[in-house]
Structure formats: structure tokens, C-alpha cells
Number of protein chains: 2
Amino acid sequence: METPACTDVCAEADAADLSFDVFARACPSRETLEHVTGRWGSLTVGALRDGPRRFNELRRRVDGVSEKMLSQTLHALERDGIVTREAQATNPPRVDYELTPLGREVADRLLALIHFVEGSMGVVLSSREAYDAARGGL
Amino acid sequence: METPACTDVCAEADAADLSFDVFARACPSRETLEHVTGRWGSLTVGALRDGPRRFNELRRRVDGVSEKMLSQTLHALERDGIVTREAQATNPPRVDYELTPLGREVADRLLALIHFVEGSMGVVLSSREAYDAARGGL
DNA sequence: CGGGATCCCATCGGATACTG
DNA sequence: CAGTATCCGATGGGATCCCG
């Protein structure tokens, strides 16, 4: 076993910085990773990188997300301390979402991945063609 | 509109390296991003970082994954050119999965994110407590 | 051992409607 | 505008069986 595992340790959250292991099924770090890398999580965090955004601004940027999913995603990220939510009780109401310092670190690493993937799509697409051709040709 | 969008361009894959945009609903780069960041994708790629692994080795490392999902995940990653699959027709059969050069680049960026998240769990956990306390206390 | 095929259910997630 | 609530279909994903 390479990783010290998270097992028992993770359960008791009073310990400061014991080892967390996303590869362990029950480790809370896996949940947070999923919030951040999930279908809408990664795009939402990425969309917030350039500064605060309002709800419908995010909806437009994260093309295809529904209100429900965006709301759900933002709540999970807020709970994990990745984004902050600032509401103003004006009329019409205005709510700004913004990355926390922690969130900005996450976003940087996420965008590094995103930009790399975008830049690799040439390779990916031709790989797919080769794969499909081999299957279809059999 | 900040991003040049992927829209029409992405459909025709003969173009070399036109702009791909994960924020666009129909862009193929979004699919690849999901394969890589998905629930099992990120862990599978991460687990392959240290070298080739066999199927059941991966199953043990990626704690909680089912045979079906691991198989499915590996196929998607193979099709995208992230991992290679090398089968030997011995008995018992032996199949090794390994990252491609592209896959290794992806894995590096993914692991940077994973390790950062693992290292931030202290902050995350206390943020969750504060969030839950505020809700429960109302 | 390394999977493919099938069954089946839980959750995801979209559409719609309603509130403030 | 910024959500919440409900309904409901699509999909994710686990369990099981089976084959090479």
C-alpha cells in the first residue's frame, strides 16, 4: 500500500492536518474534489476566475447549466469555502459570487488543466478517429 | 462575449488547432474535460501516474470503483488518447494500462489539483462547520 | 485475471411554476 | 433579478452472471 490511507483518521476532524487521501473511499477530500471537478463545478470555478460574477452572468458563461444545478453547485462550493456569496437586499436583488483565496488557488490549477485540454483537442480528436476506425473496421 | 466560442468551428475536426472552449455547450473539449475530471476519471488518471497498472491493481487503488465503471472510464480515456491499453493473450490474461505522453501531462495538472485539495482539507472542514452552524443556528 | 452483458435502482439534472 | 420547489425522464453506476 503506497498511501497511508485516510480511513479512521479522517472521521475525526479535530486533527489539524493529518493525511487526507482522495483514493480512499470515505475520505472527505474526495467529496471536495468532486465538487471542484464535477460536471458543473469545474466550469463554475473557472468562470469565477476573473472576478466576481452575478448569478445570471454565470448562467450565461457556463453554457448549458440549469438554474437548479448552478444554484446547487454554488452552495456546495460555498460550504467548502471555495466561493463566497454576497447578497444585497436591493430591488432588483443583486448577489455576487466570488472566489475565496482558497478558491483562487483551486481555480488556477483547474484552469491550467482546462487550458491544456483545450490545447490538446487536436491530438484527442485524431485519437478518437483512429480508435473508432479500428472498431468500425473490424 | 469574452471567449471566441467554439460553436461552428468545433464541428469540423479537420481544422488543426482552432479555438476550443469548454464553456461552450457543444464543444468536444467539454467531453474530454469531463472524462478527465469525472468522478472516476480523475482518480483513474491519478492512479496511473506512477507507471503502468493492471486492471485489478487499479480497482484496488481507486477505492470504491466498480468493474463496470472502471472499464467504462478506461475506454473513454483510451479513445481520447489519454491512456493506452496493452493486452497479452497469456493465461491468465494480462492487460496493462499506461498513460500516453498526453496523459502524463494531464495527470501532472490533475495531481497538482488533487494534492492541493488534500492539503486544504483543514480549511475546507472548518468552513463546512461554520456554514452548517450558521444554518442550524437560525 | 480481465472484462462484456444485463438488470435495476438511485441520483442527476432539465423544465416548469412560484416567491420575494 | 435571484432564487426555491416540484415533477419527472435520462443517466450513472452497483450487483450479478458469464465468457475467454
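In what follows, chains are A, B, ... by sequence order, proteins preceding strands, each numbered from 1. Keep in mind it's a predicted model, so treat the numbers as computed, not measured.
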query = Just checking, is any N or O donor in the side chain of B:T32 or A:R128 under 3.5 Å from an acceptor N or O on the other one?
reply = yes
Phosphate OP1/OP2 of D:dC1: any A:R54 side-chain N/O under 4.0 Å = no
message = Measure CZ/A:R53 against C1'/D:dC1 and give the value in whole Å, please.
response = 17 Å
task = Not counting sequence neighbours, which residues clear side-chain hydrogen bond (donor to acceptor under 3.5 Å, both in side chains) with A:N56? List them please.
result = none
note = Taken to the nearest whole Å, CD/A:Q88 to C1'/D:dG3 is 16 Å
message = So, does A:H75 get its side chain near the phosphate of D:dT4, meaning an N or O under 4.0 Å from OP1 or OP2?
response = yes
5' priority, DNA chain D, between A:P93 and A:K68 [closest heavy atom] = A:P93
remark   = d(B:T44 OG1, B:R39 CZ) to nearest 0.5 Å is 11.5 Å
key: Note, B:D96 side chain near B:Q88 side chain (heavy atom, < 4.5 Å)   = yes
message = What's the closest nucleotide to the side chain of B:R39 if the choices are D:dG13, C:dG3, C:dG13?
response = D:dG13
inquiry  = Under 4.0 Å from OP1 or OP2 of D:dA2: is there any side-chain N or O of A:S71 that close?
reply    = no
request  = Figure out the CZ/C1' separation between B:F55 and D:dG20, and round it to whole Å.
outcome  = 15 Å
key: Residue met sooner reading DNA chain C from 5', once A:E67 and A:Q72 are mapped to nucleotides   = A:Q72
key: Atom-pair distance (CG on A:L74; C1' on D:dG3), nearest Å   = 11 Å
A:R59 CZ to D:dC1 C1', straight-line distance once rounded to whole Å = 12 Å
query = Between C:dT16 atom P and A:M69 atom CE, what is the distance in whole Å?
reply = 16 Å
task = Using whole Å, report how far CG of A:L58 lies from C1' of D:dC1.
result = 13 Å
ask   = Can you tell me how far C1' of C:dT11 sits from CH2 of A:W40, to the nearest Å?
value = 16 Å
remark   = On DNA chain C, more 5' by nearest nucleotide between A:P92 and A:G64 is A:G64
ask   = With a 4.5 Å heavy-atom cut-off, do A:E118 and B:L33 have their side chains touching?
value = no
